[in-house]
Colleague: 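Quick one: this structure, given as structure tokens, is what I'll be asking you about.
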Amino acid sequence: MRSRFDAFGKNVLRDTLARVGAADTGVEVIAASQTMDVWYVPDPARAASLAELGLLGELAADPCQFEPFHDTPGPGELRGCVRKQLHWHHELERRAGGEAPFPRLCILSSGRPGTVLDAFGFGPVPGRPGLYRAAPGWRVDVVVIAELPRTRETLLLRLLGARAVLRDAIRELAALPEDAWERGIALPWLVRLRFEMPAEPSARVAEDAEEEEIVTEVQRWFEQLKQSLRDEGRKEGQLEALARQFEKKLGRPLAEAERSVLAERFDRLGLDRLDDVRLELAADALAAWLADPAAR
């Protein structure tokens with residue numbers, strides 16, 4: 001089960017970072033097949049887009065090794081990430097034939113890894129709730145996803161959280177406008193996550209309450225999405241039929257601008273009002289009604 005959530009997190013993280021640079025998953029660090037979850041290199045030509053990523057954009061200002069943990073990591077996991085960071089720096093210097101900048105490591109933890117923060121001397125970053133930083137020479141950050149503020153700029157990171165944090169983030173994602181870039185990145189992976197989980201509760205791990213909770217939330221969103229698509233299809237059918245009726249009354253095809261006006265008034269005034277207008281007005285008056293910005 002954890003591998004499903006971990007794969008979901010890595011894919012969402014990679015696709016988000018790909019908006020502002022080159023991001024790859026499973027990058028080999030050494031011949032012994034150590035791999036980083038996500039290795040990211042910013043694209044200077046897209047630096048202006050970093051701001052819309054919020055906290056993640058700040059973390060992505062430099063080349064960075066991202067390691068998301070659905071389960072809160074302990075000291076052993078931190079050492080493993082640092083080991084990869086050191087080996088990767090060695091590999092970068094080998095490729096460069098000399099010195100190379102030391103890469104940043106960012107650990108994304110669903111919960112607060114208290115032992116890690118205390119034992120390795122991480123301190124909170126002022127003004128950034130949920131972000132902790134080690135001594136500068138280590139270039140290691142820890143993001144505690146459960147402590148992030150509930151704002152749009154942290155939404156993609158909170159989708160990498162667990163339990164209530166993930167559930168609430170899914171709801172916030174579904175409530176965004178349909179053209180929101182966050183939806184375009186995360187929703188396809190949520191759909192895939194839904195299909196990777198057994199549909200029947202009896203086929204899932206009975207003792208895992210989190211999986212059951214997230215399956216329920218994703219299923220609720222999925223049903224809402226299907227209903228929205230059905231409603232949109234009905235609306236488009238009604239609007240097309242109405243346009244044909246207007247054209248018949250006018251005795252000519254609608255201009256593109258008139259179709260846009262009709263669609264806007266369909267949303268604002270409703271089908272009944274538009275039917276009344278079509279039936280009550282003569283052709284000339286109907287054309288004037290379409291051309292009048294103040295018409296009701």
Colleague: Step by step, work out the side chain to side chain contact (heavy atoms under 4.5 Å, CB included) result for L254 and L290.
Modeller: CA-CA 10 Å; L254 287 171; L290 285 169; 3.9 Å; yes

Colleague: I'd like to know if the side chain of R139 and the backbone of F102 have a donor-acceptor N/O pair within less than 3.5 Å.
Modeller: yes

Colleague: Contact between P73 and L78 at the side-chain level, heavy atoms closer than 4.5 Å - yes or no?
Modeller: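 Heavy-atom side-chain distance check fails, nothing below 4.5 Å.
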
Colleague: Decide if atom CD of E99 counts as having more than 12 heavy atoms of other residues, nucleotides or ligands within a radius under 6.0 Å.
Modeller: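 12 or below, so no.
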
Colleague: Tell me every residue that passes salt bridge (Lys or Arg N to Asp or Glu O under 4.0 Å) with D276, counting only those two or more places apart in sequence or in another chain.
Modeller: none

Colleague: To the nearest 0.5 Å, what is the distance between CG on L13 and NZ on K10?
Modeller: 10.5 Å

Colleague: Could you pull out all residues at least two apart from T151 that satisfy side-chain contact (heavy atoms from CB on, under 4.5 Å)?
Modeller: P149, E153, T154

Colleague: Count I, L, V, M, F, W, Y as connected when their side-chain heavy atoms are under 4.5 Å apart, and connections chain through other members. Are L108 and L166 then in the same cluster?
Modeller: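 Same cluster.
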
Colleague: Supply the atom-to-atom distance L55 CG to R128 CZ, rounded to the nearest 0.5 angstrom.
Modeller: 5.0 Å

Colleague: Quick check: closest heavy atoms across R46 and A18, and the distance to 0.1 Å?
Modeller: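 Closest pair (atom of R46, atom of A18, distance): NH1-O, 2.7 Å.
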
Colleague: Would you check if the side chain of E77 reaches a backbone N or O of G74 as a donor-acceptor pair within less than 3.5 Å?
Modeller: yes

Colleague: Tell me, please, which residues at least two apart from D275 pass salt bridge (Lys or Arg N to Asp or Glu O under 4.0 Å).
Modeller: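 D275 satisfies salt bridge (Lys or Arg N to Asp or Glu O under 4.0 Å) with R278 only.
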
Colleague: For residues M36 and D24, determine if any side-chain heavy atom of one lies less than 4.5 Å from a side-chain heavy atom of the other.
Modeller: no

Colleague: When you check the gap from the basic side-chain N to the acidic O, do R14 and D37 get nearer than 4.0 Å?
Modeller: no

Colleague: Salt bridge check: are K84 and E91 linked by an N-O gap of less than 4.0 Å?
Modeller: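 Here K84 does not pair with E91 in a salt bridge, since their nearest N and O are not under 4.0 Å apart.
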
Colleague: Where is the tightest heavy-atom contact between W88 and P103, given as atom of each residue plus distance?
Modeller: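 Distance-wise, the nearest heavy atoms are CD1-CG, 4.1 Å.
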
Colleague: Side chain to side chain contact (heavy atoms under 4.5 Å, CB included), that's the test. Do V143 and C106 meet it? Break it down for me.
Modeller: CA-CA 7 Å; V143 176; C106 183; 3.9 Å; yes

Colleague: Both conditions, 6.0 Å and 45 degrees, for the charged tip of R265 above the ring of W289: are they met here?
Modeller: yes

Colleague: Got D141 and L59 here, is their nearest side-chain heavy-atom distance under 4.5 Å?
Modeller: yes

Colleague: Which atom names give the shortest non-hydrogen contact between P42 and A60, and what distance separates them?
Modeller: CB-O, 3.8 Å

Colleague: For residues 115-137, which residue pairs qualify under ring pair (Phe, Tyr, Trp, His ring centres under 6.0 Å), counting only residues two or more places apart or in two chains?
Modeller: none

Colleague: Linking I/L/V/M/F/W/Y whenever their side-chain heavy atoms sit closer than 4.5 Å, directly or via other members, would I107 and Y40 fall into one cluster?
Modeller: no

Colleague: Closest approach of S110 and L160, non-hydrogen atoms and distance?
Modeller: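 Closest approach of S110 to L160: CB-O, 4.4 Å.
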
Colleague: How far does NZ of K249 sit from CD of Q245, to the nearest 0.5 angstrom?
Modeller: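 Between K249 NZ and Q245 CD, I get 10.5 Å after rounding to 0.5 Å.
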
Colleague: Would you say L157 ends up clustered with L50 if hydrophobic residues are merged whenever their side chains have heavy atoms under 4.5 Å apart, either directly or through other cluster members?
Modeller: yes

Colleague: In the structure I gave you, are the side-chain heavy atoms of W189 and D15 within less than 4.5 Å of one another anywhere?
Modeller: yes

Colleague: Just so I know, are the side chains of R19 and E52 near enough to count as touching, which here means a heavy-atom distance under 4.5 Å?
Modeller: yes

Colleague: Given the rule in the salt bridge (Lys or Arg N to Asp or Glu O under 4.0 Å) test, do E247 and R259 qualify, once you have shown the distances and angles that lead to the verdict?
Modeller: CA-CA 10 Å; E247 288 176 338; R259 282 185 169 271; 3.4 Å; yes

Colleague: Any carboxylate oxygen within less than 4.0 angstrom of a Lys/Arg side-chain nitrogen, looking at R158 and D168?
Modeller: no

Colleague: Looking only at non-hydrogen atoms, find the nearest pair between G130 and L148 and report the distance.
Modeller: CA-CD2, 4.3 Å

Colleague: If you count every heavy atom of other residues, nucleotides or ligands that lies below 6.0 Å from D284 atom CG, does the total exceed 12?
Modeller: no

Colleague: Excluding sequence neighbours, so at least two apart, what forms side-chain contact (heavy atoms from CB on, under 4.5 Å) with P293?
Modeller: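 side-chain contact (heavy atoms from CB on, under 4.5 Å) check on P293 returns nothing, list empty.
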
Colleague: Are V261 and L281 linked, directly or through intermediate hydrophobic residues, by side-chain heavy-atom contacts shorter than 4.5 Å (ILVMFWY only)?
Modeller: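 Yes, it is one cluster - the side chains of L281 and V261 are joined through contacts under 4.5 Å.
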
Colleague: Show the nearest heavy-atom pair for residues P113 and V144, with the distance to one decimal.
Modeller: CD-CG2, 3.8 Å

Colleague: Contact between E182 and R152 at the side-chain level, heavy atoms closer than 4.5 Å - yes or no?
Modeller: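 The answer is yes; the side chains approach within 4.5 Å.
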
Colleague: Answer whether the closest heavy-atom distance between the side chains of F266 and Q238 falls below 4.5 Å.
Modeller: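 In contact.
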
Colleague: Can you tell me if Q85 uses its side chain to pair, donor with acceptor, with the backbone of W138 under 3.5 Å?
Modeller: yes

Colleague: Check this for me: does any side-chain nitrogen of one of R112 and E147 sit under 4.0 Å from a carboxylate oxygen of the other?
Modeller: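 A salt bridge links R112 with E147.
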
Colleague: Decide whether V125 and L117 are clustered together by the hydrophobic rule: side chain heavy atoms of Ile, Leu, Val, Met, Phe, Trp, Tyr closer than 4.5 Å, transitively.
Modeller: no

Colleague: Under 3.5 Å, is there a donor on one side chain and an acceptor on the other for Q65 and E67?
Modeller: yes

Colleague: Is E172 paired with R150 through a side-chain N to carboxylate O contact shorter than 4.0 Å?
Modeller: yes

Colleague: Decide yes or no on side chain to side chain contact (heavy atoms under 4.5 Å, CB included) for F246 and E258, but give the supporting numbers first.
Modeller: CA-CA 10 Å; F246 267 64; E258 291 174 325; over 6 Å; no

Colleague: Is there a donor-acceptor pair closer than 3.5 Å between any side-chain N or O of D292 and the backbone N or O of A288?
Modeller: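 It does not hold such a pair.
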
Colleague: Report yes if some heavy atom in the side chain of L17 is under 4.5 Å from a heavy atom in the side chain of F66; otherwise report no.
Modeller: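 In short, these two side chains touch, coming nearer than 4.5 Å.
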
Colleague: Listed by chain and number, what are the side-chain contact (heavy atoms from CB on, under 4.5 Å) partners of T16, not counting sequence neighbours?
Modeller: V12, L53, L56, L156, W181, I185

Colleague: After noting the C-alpha distance and the side-chain angles of L262 and L242, does the key distance pass the side chain to side chain contact (heavy atoms under 4.5 Å, CB included) rule?
Modeller: CA-CA 9 Å; L262 194 63; L242 188 65; 4.1 Å; yes

Colleague: Nearest 0.5 Å please: distance from the CG atom of L92 over to the CZ atom of R94.
Modeller: 10.0 Å

